[in-house]
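Beneath this line is the structure, given in structure tokens, with notes to follow.
Reminder, nothing fancy here: chain letters follow the sequence lines and each chain counts from 1.
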Number of protein chains: 4
Amino acid sequence: MGVISGSGGAPARSRALTRERLVASATTLFARHGVHAVTSHEIARSAGVAAGTFYLHFKDKQELFRKIVFEALASLKERLQKATAGGADPREVVRLRSAELLSFAEERRDLVRILFGRKGEAASLGADVLDELIRWVEADLRARAVSLEPAVAAQALVGMWARVLVWWAELPREVSRRNVLESLIQLQLSGVIED
Amino acid sequence: MGVISGSGGAPARSRALTRERLVASATTLFARHGVHAVTSHEIARSAGVAAGTFYLHFKDKQELFRKIVFEALASLKERLQKATAGGADPREVVRLRSAELLSFAEERRDLVRILFGRKGEAASLGADVLDELIRWVEADLRARAVSLEPAVAAQALVGMWARVLVWWAELPREVSRRNVLESLIQLQLSGVIED
Amino acid sequence: MGVISGSGGAPARSRALTRERLVASATTLFARHGVHAVTSHEIARSAGVAAGTFYLHFKDKQELFRKIVFEALASLKERLQKATAGGADPREVVRLRSAELLSFAEERRDLVRILFGRKGEAASLGADVLDELIRWVEADLRARAVSLEPAVAAQALVGMWARVLVWWAELPREVSRRNVLESLIQLQLSGVIED
Amino acid sequence: MGVISGSGGAPARSRALTRERLVASATTLFARHGVHAVTSHEIARSAGVAAGTFYLHFKDKQELFRKIVFEALASLKERLQKATAGGADPREVVRLRSAELLSFAEERRDLVRILFGRKGEAASLGADVLDELIRWVEADLRARAVSLEPAVAAQALVGMWARVLVWWAELPREVSRRNVLESLIQLQLSGVIED
DNA sequence: AATGAATGAGGGTTCATTCAT
DNA sequence: TATGAATGAACCCTCATTCAT
């Protein structure tokens, strides 16, 4: 018995649509409860499909989770890059990236939680997923030839971002966006950027 | 048996010993595999006691985990405080704390992993455990009246520490301890400390 | 499409073709892995048709399996009968039948495996399929009025054939065909023990 | 809720007893329905224990099945050997073995069905289990230096035994035991065809 | 006639936890 | 206090089968 979809029957839905609904449901549920606390049945039910349908689209729960995480990561990196497309001034780069990070946290609260969040489970995937982001940041730092050890600074920066974004993604807030942004920028500016 | 129980303290000592063995085994296992991947049976076996004994000492797995996490947190805070017992100079405080953090990561790799680590499961406890550490840092920052928003800076600092410590706890390393320490200090000094 | 359907037989021919492909695929797969280990999807895929098409041709997997088994059985009986069409001499009948059995095993390895094979699943059909073959052999023995109890001898003969054929169907062999044939014949003619 | 054992609680039963009950239940069920048609839940229920208890004693259903099959095989071989302990006369050996086989079929109907039976699933274990029995018979034949190809004769003999035993294990019968025994002996001694 | 997405019952297995001894 | 066998709820996943297109 279809729990949500009434009687209509799913065959009318296109494969792609079903898949997207599963991804959307899973994203929400993972963000809210963490991978371990969410069952494939729940994801299916929340997407309005039968339990077995889940496995028509994904090998297992892990695969779906992995996909969500890596797409989130890719999206984040892309936004960061686009945000600083033209600019070359280091200070400006920090400003623009920080603003973009905050926007990302506001727009994609679910993804932020999945990537960096309370349940921290993004890391439960084979290797630490964040490593990808870290390596990206590290390469960027090396290119800028900052005085700091890039390996250390990359870990530090990503750690900083992660906590601040998760924190910021949880509303309601008593601190103004402007204050958060300024603090975030200043933390990086005087720390990472050369004088 | 029970013939020479002396002052009555022997049974208690034995009980305490069993408990400690359970805690030690659990700490190692949690650090290595994460809470979810470790069963109460495994902890008991690794401690050399029967499965049921586990529940004579802890209400459930969660309680044991919580205890380990909070003790680790307390220990970390205590070390940080002791390390800066006398000093007042902000720059010196940062120096001393950073050194202490690195030492902690070296001496208690298991605890670092449990608190901040890959599996990130410390956060799976009801509320975010790190919040306690964050609030402590936040209070400290407020007391120093830094120009940054303390709420934001506390998140950032703890996030930074977490990643760097976990990273540092995983050997082998190609970066010298000295370099790591200097980078860590510089990141905080120019970022957090007033000019 | 459908432009030159000639005498109207084309669709029927196409349908029959699809069916045959399903039968052929299933035969191969059943022989290789056994009924339980083969899914209707696999049969369809291997036949180059969609999953649903399977059920347009067969009520269910069991029906298809049953059909394959009974056709195999009919084919085997027919070959045995044809091989001894004219002959009446009992010894000659045994010779000819044994040779035919070996040929069958060589030509239809798949069917031999399905009927008598490792997975022994021919028997998983409601009643024991081999019963049909056994009754046929039993009737034959009764007609020849051998001194043995026909019911027992029929079981024994079919059992003997089954094992030897399956064994022979699995190549490569170190025993020559000639030796196998002679042994098989002698076993039926005069038992295992030397006088 | 214990389905069979009322309320008493299983802890009173010894581990070995529970295990035996599981083995006994499984043997009966496997003999009756075949491995695939029997679930681990059914075995547990029929043994009067909870579903999970099954896995306290056996890694999985396959392992239990394997154990039953190999014990049955060992038991059969042992009986055959004991039955012909002293004798050396080939004809006598055949007589004694045949009688023992029939007794085995009468006393252990379940094992006979599992080993050779309708569902023939003993063979679903990795390699063909009967191979063990066959190799044993083959070695025996080689030792006796019969004129037949031992490899072929061993297959034939075991095939013959298998069918006859399974058939004989299924009651009621219209053929007298005496007749069955005599036919079985004669078949091995002197083949099917009269001189 | 063919397609292929969807269904959903059910099986195997794990494991936190209990409790008689 | 400790033991360890037993419990049973729950989860993941498969697959025979259906049905709208």
Side-chain angles (χ1 to χ4, degrees), chain A residues 1-3 5 8-19 36 38-42 44 48-62, chain B residues 1-2 11-12 14-15 18-19 36 38-45 49-62, chain C residues 2 11-12 14-15 17-19 36 38-45 49-62, chain D residues 1-3 5 8-19 36-44 48-62:
Chain A
M1 356 154 167
V3 173
S5 63
R13 287 199 294 275
S14 80
R15 179 172 172 77
L17 182 56
T18 298
R19 192 191 151 95
H36 281 107
V38 173
T39 72
S40 63
H41 273 68
E42 283 169 332
V49 297
T53 301
F54 183 96
Y55 295 92
L56 247 40
H57 293 270
F58 310 100
K59 191 170 79 52
D60 54 27
K61 207 171 65 169
Q62 202 62 201
Chain B
M1 318 160 191
S14 154
R15 178 171 165 79
T18 297
R19 190 192 153 93
H36 278 106
V38 173
T39 70
S40 63
H41 274 68
E42 285 170 329
I43 297 170
R45 177 149 42 103
V49 298
T53 302
F54 183 95
Y55 292 89
L56 253 35
H57 292 270
F58 310 100
K59 189 171 79 55
D60 53 27
K61 207 171 66 169
Q62 204 61 201
Chain C
S14 153
R15 176 171 167 80
L17 185 63
T18 297
R19 192 193 151 94
H36 278 107
V38 173
T39 69
S40 62
H41 273 69
E42 283 170 328
I43 297 170
R45 177 150 42 104
V49 299
T53 303
F54 183 96
Y55 291 89
L56 254 34
H57 291 269
F58 309 99
K59 190 170 80 55
D60 53 27
K61 207 172 65 169
Q62 203 61 201
Chain D
M1 352 153 173
V3 174
S5 63
R13 289 198 293 276
S14 79
R15 178 173 173 80
L17 182 56
T18 297
R19 192 193 151 94
H36 281 106
V38 173
T39 71
S40 63
H41 274 70
E42 282 169 332
I43 296 171
V49 298
T53 302
F54 183 96
Y55 295 91
L56 246 40
H57 293 270
F58 310 100
K59 192 171 78 54
D60 52 26
K61 208 172 62 169
Q62 203 62 200

When pairs are called at under 3.5 Å and a stem needs at least three consecutive Watson-Crick or G-U pairs, the stems of DNA chain E are E:2-21 with F:2-21
Could you check how far CZ of A:Arg15 sits from P of E:dA6, rounded to whole Å?
7 Å
Find the distance A:Phe58:CZ to F:dC12:P and express it as a whole number of Å.
15 Å
Residue-phosphate contact under 4.0 Å: B:His57 side-chain N/O, F:dT1 OP1/OP2
no
By nearest-heavy-atom nucleotide on DNA chain F, the more 5' of A:Glu42 and D:Arg19 is D:Arg19
Identify the heavy atoms of D:Val38 and D:Lys61 that sit nearest to each other, and give their distance.
O-NZ, 2.9 Å
Check: residues 50-59 of chain B side-chain donor-acceptor pairs under 3.5 Å, at least two apart:
residue: B:Thr53; atom: OG1; partner: B:Ala50; partner atom: O; Å: 3.4

Counting side-chain heavy atoms from CB outward, which of E:dA6, F:dA2, F:dT7 is closest to A:Thr18?
E:dA6
Can you give one letter per nucleotide of nucleotides 11-16 of chain E, 5' to 3': B if a protein heavy atom sits under 4.0 Å from the base, S if only from the sugar-phosphate, - if neither?
SBBBSS
To the nearest 0.5 Å, tell me how far B:Ser40 OG sits from B:Arg45 CZ.
11.0 Å
